[in-house]
Amino acid sequence: MIIPRYHVADSRIRGAGKGLFVDEAVRRGAVIIAPDKVHTVWPESRLRSYPPDSREVESSVRWFEDWFSLTPEWSDECYVNHSFSPSALWHLGFIFALGDLVPGAEVTMDYRYVIGAGERMPFADAQTGREIVGLPWTQAVSQSARCLAELVAPVA
């Protein structure tokens with residue numbers, strides 16, 4: 001479920017295809033996307049029994065530990081593109097604004113949080129050319145939890 005009004009259009013990221021853009025201001029720390037209609041969750045061992053280019057693998061994201069959610073119907077949430085300088089943070093299926101977003105801002109996130117540990121994306125980061133390799137679960141969840149805690153901490 002995408003919370004703010006939004007639209008899908010050509011991404012500003014070279015080679016990315018379509019992207020997801022907010023149509024209204026979103027404040028830092030606000031939820032942009034929340035999980036809903038999660039009807040299929042598989043252990044990674046089952047997911048990896050399918051070819052890498054299968055619908056199952058291509059529609060999956062790591063949700064927690066070695067469990068992946070599958071969304072084969074390709075919802076608009078799937079248009080959030082990768083960036084090593086993302087506008088949003090993925091944490092346990094939620095996507096939070098990393099800063100105040102203005103209308104027209106493209107929502108991006110770091111894919112290393114949503115692919116399996118050591119898994120490599122079939123493309124490099126468009127801005128840096130760096131390879132995108134999945135983080136181990138404990139590193140991904142601890143980093144995203146620390147970042148989220150800073151995002152939502154009351155300002156003193």
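These figures come from a predicted structure and were not determined experimentally.
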- Are side-chain heavy atoms of Ser60 and Trp42 found at a separation under 4.5 Å? no
- Task: Could you check if a side-chain atom of Ile3 sits within less than 4.5 angstrom of a side-chain atom of Ile32, using non-hydrogen atoms only?
- Result: no
- Same cluster for Val107 and Ile115 if Ile/Leu/Val/Met/Phe/Trp/Tyr side chains link at under 4.5 Å? yes
- Query: Could you state the interatomic distance from NE2 (His7) to CG (Asp76), rounded to the nearest 0.5 Å?
  - Reply: 11.0 Å
- Message: Side chains of Glu77 and Ser75 only: does a donor on one sit below 3.5 Å from an acceptor on the other?
- Response: yes
- Query: Is Ile132 close to His82 at the side-chain level, that is, under 4.5 Å between some pair of heavy atoms?
  - Reply: yes
- Message: Is it the case that the ring center of Tyr113 lies less than 6.0 angstrom away from the ring center of Trp137?
- Response: no
- Task: May I have the step-by-step check of salt bridge (charged side-chain N to carboxylate O under 4.0 Å, His left out) for Glu119 and Arg48, ending in yes or no?
- Result: CA-CA 11 Å; Glu119 182 181 354; Arg48 299 301 172 215; 2.6 Å; yes
- Correct closest heavy-atom pair for Pro51 and Val57 would be O-CG2, 3.5 Å
- Is the backbone of Lys18 close enough, under 3.5 Å, to the side chain of Asn81 for a donor and an acceptor to pair up by distance? yes
- State, to 0.1 Å, how close Leu47 and Glu56 come at their nearest heavy-atom pair, and which atoms those are. CD1-O, 3.6 Å
- Are Met121 and Phe68 linked, directly or through other ILVMFWY residues, by side chains that come within less than 4.5 angstrom of each other? no
- Do you know the tightest heavy-atom contact between Ala97 and Val26? CB-CG1, 3.8 Å
- Flag side-chain contact, heavy atom, 4.5 Å: Met109 against Leu89: no
- Message: For the NE2 atom of His91 and the CG atom of Leu151, what is their distance to the nearest 0.5 Å?
- Response: 11.0 Å
- Query: Can Val31 be reached from Val152 by stepping across I, L, V, M, F, W or Y side chains whose heavy atoms are under 4.5 Å apart?
  - Reply: yes
- Item | Value rounded to 0.5 Å, distance of CZ in Arg112 from CZ in Arg62 | 11.0 Å
- What distance separates Thr71 OG1 from Glu58 CD, expressed to the nearest 0.5 Å? 13.5 Å
- State, without any angle test, whether Ser11 and Glu106 hold a side-chain donor-acceptor pair at a distance under 3.5 Å. yes
- Heavy-atom closest pair, residues Pro35 and Gly93: CD-O, 3.3 Å
- Message: Donor-acceptor pair, distance only, cut-off 3.5 Å: does the side chain of Ser54 make one with the backbone of Tyr50?
- Response: no
- Close side-chain approach of Arg28 and Leu98, heavy atoms under 4.5 Å: no
- What distance do Gln139 atom CD and Ser144 atom OG have between them, rounded to the nearest 0.5 Å? 10.5 Å
- Item | 4.5 Å side-chain heavy-atom contact, Gln127 and Phe84 | no
- Query: Does Ile2 reach the side chain of Leu20, with side-chain heavy atoms less than 4.5 Å apart?
  - Reply: yes
- Task: Find out if a path of hydrophobic residues (ILVMFWY) with successive side-chain heavy-atom gaps under 4.5 Å connects Val38 to Trp90.
- Result: no
- Message: Using modelled atom types and a 3.5 Å cut-off, is there a donor and acceptor pairing between side-chain atoms of Glu24 and backbone atoms of Arg5?
- Response: yes
- Message: Starting from Val61, can I reach Tyr111 by hopping between I/L/V/M/F/W/Y residues whose side chains sit under 4.5 Å apart?
- Response: yes
- Message: Does Met1 form a side chain to side chain contact (heavy atoms under 4.5 Å, CB included) with Ile33? I'd like the steps, not just the answer.
- Response: CA-CA 6 Å; Met1 156 179 39; Ile33 297 174; over 6 Å; no
- Kindly give the heavy-atom pair with the smallest separation between Leu92 and Trp63, and that separation in Å. O-NE1, 3.1 Å
- Query: So Ser87 and Leu101, side chain to side chain contact (heavy atoms under 4.5 Å, CB included) or not? Walk me through it.
  - Reply: CA-CA 8 Å; Ser87 62; Leu101 302 179; 3.9 Å; yes
- Side chains of Thr40 and Ser69 in contact at under 4.5 Å (non-hydrogen atoms): no
- Message: For Trp67 and Phe64, take the angle between the two ring planes, folded into 0 to 90°, and tell me which bin it lands in: parallel under 30, tilted 30 to 60, perpendicular over 60.
- Response: parallel
- Return yes if some donor-acceptor pair links the side-chain N/O of Arg14 with the main-chain N/O of Ala126 below 3.5 Å, else return no. yes
- Message: Would Arg12 pass as a cation-pi partner of Phe21, given that its NZ or CZ must be under 6.0 Å from the six-membered ring centre and within 45 degrees of the axis?
- Response: no
- What are the two closest heavy atoms between Ala25 and Pro103, and how far apart are they? N-CG, 3.7 Å
